[in-house]
Amino acid sequence: CCDRAGDLLFRLEAVAAGVDAASLTPGTDVDFRVSRDDGGRPVAVDVRLAPPGSAVFEEVDEELRCGFVAERLQGRGTTTLSTGVVEYAARDGDPAPPAAKRAGVRARLAFGVDDLADGGANPRVGDCVTFRIATDPRVMRAAVKAGSAAAAFAGRRASRVASVVLEGTIVVAKPTFGFIEYDAAEAEAATCGVVVAAKGGGGGGGGGGEGEGEAAGAAAAYPAADPSSTTTTPPPRPSTKSRLYYNAAEVDAATTTDLRRGDTVSFALAERPATRESVAHRVVRVRDAPPSSSSRAPLVAERRPDGMN
């Protein structure tokens, strides 16, 4: 009978006639109506005993999921609110529409303002988010009773929605765009394996776009080894570093100015909805580049990947 758990005050005079107030102990199921007190606050009135087990709150799956925001929650802080939408890859056994289980097709779940984790920031379209699936048994029972084909996945929504925020290092900083080097293994762990590495991020994309005449791709940041050297070194460990494109408009102007190579930044992992290419949103500097970073061999000029803006 309940949408979600919450606390509502009631006074002894609000207990229904014939009900022993002493029987209303913590954990007792009750029926009630919602009214308002003299101060306009919601309170419970006409409180009476209900059959045990009748008050069933929503069930939240503790399995962490990851997806991308397809529609942003609108109207936060106003009296008119719309729901946001998260898209994610449904797994085998998930209660989702059959079409959502085809390769390359994503399932969709709505979320509301109360579903943002810890009252956090409202994620934007394209932001990678973690969430858990909440189910309202009341809606599910109603769908089953009505014989709805959607009964298996009715009453479900995304809950505890939070943007995935990572740290990385600026490796290219131009007036209108740049690249962040980040740990792809960390990103994979933070996103349940949804994001392994930015598509095309490792090499900076193809030709065209801004920077006509500049060499495409990135050069090694350090000089090549001396071929005459007799020193033997163990083979390098496989790198989990990858590169992520950002638009200069995504740099937080209130806290961050004049980004330089070597600066450590935090950023929200995101994708471009049209191409599903990984990009960085909300870039914020957290540490300045160390003084020694300027002594490194410079990167060859890099141009904006095709289709990025």
Side-chain angles (χ1 to χ4, degrees), residues 1-65 67 69-88 95 107-125 127 129-146 148 150-163:
C1 69
C2 307
D3 287 324
R4 64 185 64 188
D7 294 330
L8 199 62
L9 175 71
F10 77 92
R11 302 184 184 279
L12 290 180
E13 56 265 29
V15 176
V19 176
D20 181 5
S23 66
L24 301 179
T25 57
T28 302
D29 290 353
V30 295
D31 286 330
F32 61 91
R33 294 185 297 106
V34 178
S35 184
R36 293 189 178 274
D37 63 13
D38 294 339
R41 293 166 296 192
V43 292
V45 298
D46 195 21
V47 180
R48 61 185 67 237
L49 294 173
S54 58
V56 179
F57 298 103
E58 67 181 12
E59 301 167 354
V60 180
D61 187 350
E62 287 305 312
E63 183 178 0
L64 188 67
R65 313 267 180 151
V69 174
E71 297 178 24
R72 194 182 193 193
L73 178 68
Q74 300 293 330
R76 187 178 183 188
T78 69
T79 56
T80 55
L81 287 171
S82 69
T83 56
V85 174
V86 169
E87 290 187 342
Y88 71 103
R108 292 166 65 91
L109 288 175
F111 67 93
V113 65
D114 292 333
D115 294 313
L116 298 178
D118 302 322
N122 183 10
R124 291 165 41 194
V125 170
D127 278 6
V129 294
T130 58
F131 65 94
R132 289 173 171 81
I133 296 177
T135 303
D136 184 343
R138 182 189 62 173
V139 176
M140 182 175 290
R141 287 195 299 267
V144 171
K145 186 176 180 180
S148 170
F153 46 88
R156 303 168 79 243
R157 70 176 200 286
S159 181
R160 306 179 194 175
V161 179
S163 296

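In what follows, every heavy atom counts, from backbone to side chain, and hydrogens, waters and symmetry copies are set aside. Heads up: numbering here begins at 1 and tracks the sequence.
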Can we say E71 and R124 salt-bridge, meaning some charged N sits less than 4.0 Å from an Asp/Glu carboxylate O? no
side-chain contact (heavy atoms from CB on, under 4.5 Å) filter on V125, not counting sequence neighbours, yields R72, P273
Output for pair (R157 CZ, I133 CD1), nearest 0.5 Å, gives 11.5 Å
Worksheet item: Donor-acceptor pair, R65 side chain versus F131 backbone, under 3.5 Å?
Response: no
In terms of heavy-atom contacts, Y88 and R156 come closest through OH-NH1, 3.8 Å
Where do V129 and V69 land on the side chain to side chain contact (heavy atoms under 4.5 Å, CB included) test, with the steps shown first? CA-CA 7 Å; V129 294; V69 174; 3.8 Å; yes
For L109 and A158 the tightest heavy-atom approach is CB-N, 3.8 Å
task = Taking N122 for its side chain and L73 for its backbone only, find out whether a donor-acceptor pair lies under 3.5 Å.
result = yes
| task | Decide yes or no on side chain to side chain contact (heavy atoms under 4.5 Å, CB included) for R132 and L64, but give the supporting numbers first. | result | CA-CA 5 Å; R132 289 173 171 81; L64 188 67; 3.6 Å; yes
Nearest heavy-atom contact between L116 and P123 is CD2-CD, 3.7 Å
* Asked: Should R48 and D31 count as an ion pair when the cut-off is N to O under 4.0 Å?
  -> no
R36 meets the side-chain hydrogen bond (donor to acceptor under 3.5 Å, both in side chains) criterion, sequence neighbours left out, with none
Heavy atoms of L12 and A21 approach each other most closely as CD2-CB, 3.8 Å
Residues V19 and V47: closest non-hydrogen pair is CG2-O, 4.2 Å
Q. Please walk me through it: do F111 and T83 pass side chain to side chain contact (heavy atoms under 4.5 Å, CB included)?
A. CA-CA 6 Å; F111 67 93; T83 56; over 6 Å; no
- Message: Does V30 form a side chain to side chain contact (heavy atoms under 4.5 Å, CB included) with L24? I'd like the steps, not just the answer.
- Response: CA-CA 8 Å; V30 295; L24 301 179; 3.8 Å; yes
Ion pair check, R160 and D115, cut-off under 4.0 Å: no
Note: T28 and S23 closest approach over all heavy atoms is OG1-O, 3.5 Å
| With a 4.5 Å limit on heavy-atom distance, are the side chains of L8 and V43 in contact? | no
